[in-house]
There are 2 protein chains.
Amino acid sequence: MVATLERLDATFAALADPTRRAILSRLAKGEATVKELAAPFDMTQPAISKHLKVLERAGLVSRGRDAQRRPCRLEAGPLREATEWLVGYRQFWSESYERLDALLGELTEGQS
Amino acid sequence: MVATLERLDATFAALADPTRRAILSRLAKGEATVKELAAPFDMTQPAISKHLKVLERAGLVSRGRDAQRRPCRLEAGPLREATEWLVGYRQFWSESYERLDALLGELTEGQS
DNA sequence: CGGGTTCATTACCGTCTGGTTATCGAACCC
DNA sequence: GGGTTCGATAACCAGACGGTAATGAACCCG
């Protein structure tokens, strides 16, 4: 429980970077190697490895082993915990927070 | 739209600190002055002012003026945007993501 | 006016972050 | 075994962060 709270720090910190959010977005489509993840970015491979380490430390990414490759996999548990925290504030989102239902509806449609 | 995406950086960064999350939690109960916000923490007042500036830059807090006091108010819009982003990953939260409904139910009960 | 409160601002410090280049290591292929 | 590919590691740098102490501004009150 306390561990969960402490991991919120790491989770939110990991999400506070557009490169890392893009990596997660890519991993949502399936596993990928470090090289594949690095390709879209104008950035060197060690920089991506650093970002991956941040994501791994936050528990957002786990890695397997396939010969010399280290495929990365999305681990969304911390995202769930972060969402739970945020949803606690939904009553402040707008005057009528029944809109959450609508929001969730839209998002459900928006995803294949 | 783009501005929203860029603000995600500031929002998540602001949330990645337990002191700032505690400040938001306090502000969820109503407006408060800097001194009131600082009281629970073993920290100097300028440190709290800095945290408030981070929260303000992220749009999570706005401030009024009451004589020499600067009452802080929660602005939850960015929290909503952050939640929208996170909810886009709910399908990875668990094998059956219908559980979101249960989660939201629990949270609704848990709040007065 | 003068004194106390509230809060911001400045200057400073150590640490963490986000990037680089260069190098090393491990596993594969032939 | 030799070259190649994938990835990690180290050393380094600039800048941001999180805290401090000290000062100063704006206001209320007597």
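Letters A, B, ... mirror the listed sequences (proteins, then strands); counts begin at 1.
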Rounding to an integer number of Å, can you tell me how far [X] [atom1] sits from [N] [atom2]?
X	N	atom1	atom2	value
R69(B)	dT6(C)	CZ	C1'	7 Å
F41(B)	dT20(D)	CZ	C1'	18 Å
D66(A)	dC6(D)	CG	P	12 Å
R70(B)	dA26(D)	CZ	C1'	11 Å
F12(B)	dA16(D)	CZ	C1'	20 Å
I48(B)	dT9(C)	CD1	P	16 Å
K53(B)	dA16(D)	NZ	P	14 Å
Q68(A)	dG3(D)	CD	P	18 Å

Polar atom pairs between nucleotides 17-24 of chain C and protein, under 3.5 Å, N or O only, would you list them?
| unit_1 | atom_1 | unit_2 | atom_2 | d |
| --- | --- | --- | --- | --- |
| dG18(C) | OP1 | R20(A) | NH2 | 3.4 |
| dG18(C) | OP2 | R20(A) | NH1 | 3.1 |
| dG19(C) | OP2 | H51(A) | NE2 | 2.2 |
| dG19(C) | N7 | K50(A) | NZ | 3.1 |
| dG19(C) | O6 | K50(A) | NZ | 2.1 |
| dT20(C) | OP2 | T44(A) | N | 3.1 |
| dT20(C) | OP2 | T44(A) | OG1 | 2.6 |

Exercise for review: Using a cut-off of strictly less than 4.0 Å, decide whether R63(B) has a side-chain nitrogen or oxygen near OP1 or OP2 of dA8(C).
Suggested key: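 The answer is yes; a side-chain N or O of R63(B) sits under 4.0 Å from OP1 or OP2.
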
Review point. Looking at S49(B), does any N or O in its side chain come under 4.0 Å of the phosphate oxygens OP1/OP2 on dA8(C)?
Key: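 The answer is yes; a side-chain N or O of S49(B) sits under 4.0 Å from OP1 or OP2.
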
**Study point:** Non-hydrogen atoms of S62(B) and E75(B) that approach each other most closely
**Key:**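 Scanning both residues completely, I find the closest heavy atoms to be OG-OE2, 2.9 Å.
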
Practice item. Kindly give the heavy-atom pair with the smallest separation between L24(A) and Y89(B), and that separation in Å. Key: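 Looking at all heavy atoms of both residues, the closest pair is C-OH, 3.7 Å.
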
Exercise for review: Please state whether the rings of F12(A) and W85(A) are parallel, tilted or perpendicular, taking 30° and 60° as the class boundaries.
Suggested key: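 Perpendicular, since the angle between the ring planes exceeds 60°.
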
Review point. What residues, two or more places apart in sequence or in another chain, satisfy side chain to side chain donor-acceptor pair (under 3.5 Å) together with R69(A)?
Key: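 Not a single residue meets the side chain to side chain donor-acceptor pair (under 3.5 Å) criterion with R69(A).
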
Practice item. Please examine the side chains of L27(A) and F92(B), heavy atoms only from C-beta on, and report whether any two atoms are closer than 4.5 Å. Key: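 The answer is no, as the side chains (C-beta and beyond) never meet within the 4.5 Å cut-off.
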
Check your understanding: Quick one: salt bridge (charged side-chain N to carboxylate O under 4.0 Å, His left out) partners of R20(B), sequence neighbours excluded?
Key ->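 In terms of salt bridge (charged side-chain N to carboxylate O under 4.0 Å, His left out), with neighbours along the sequence ignored, R20(B) is linked to no residue.
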
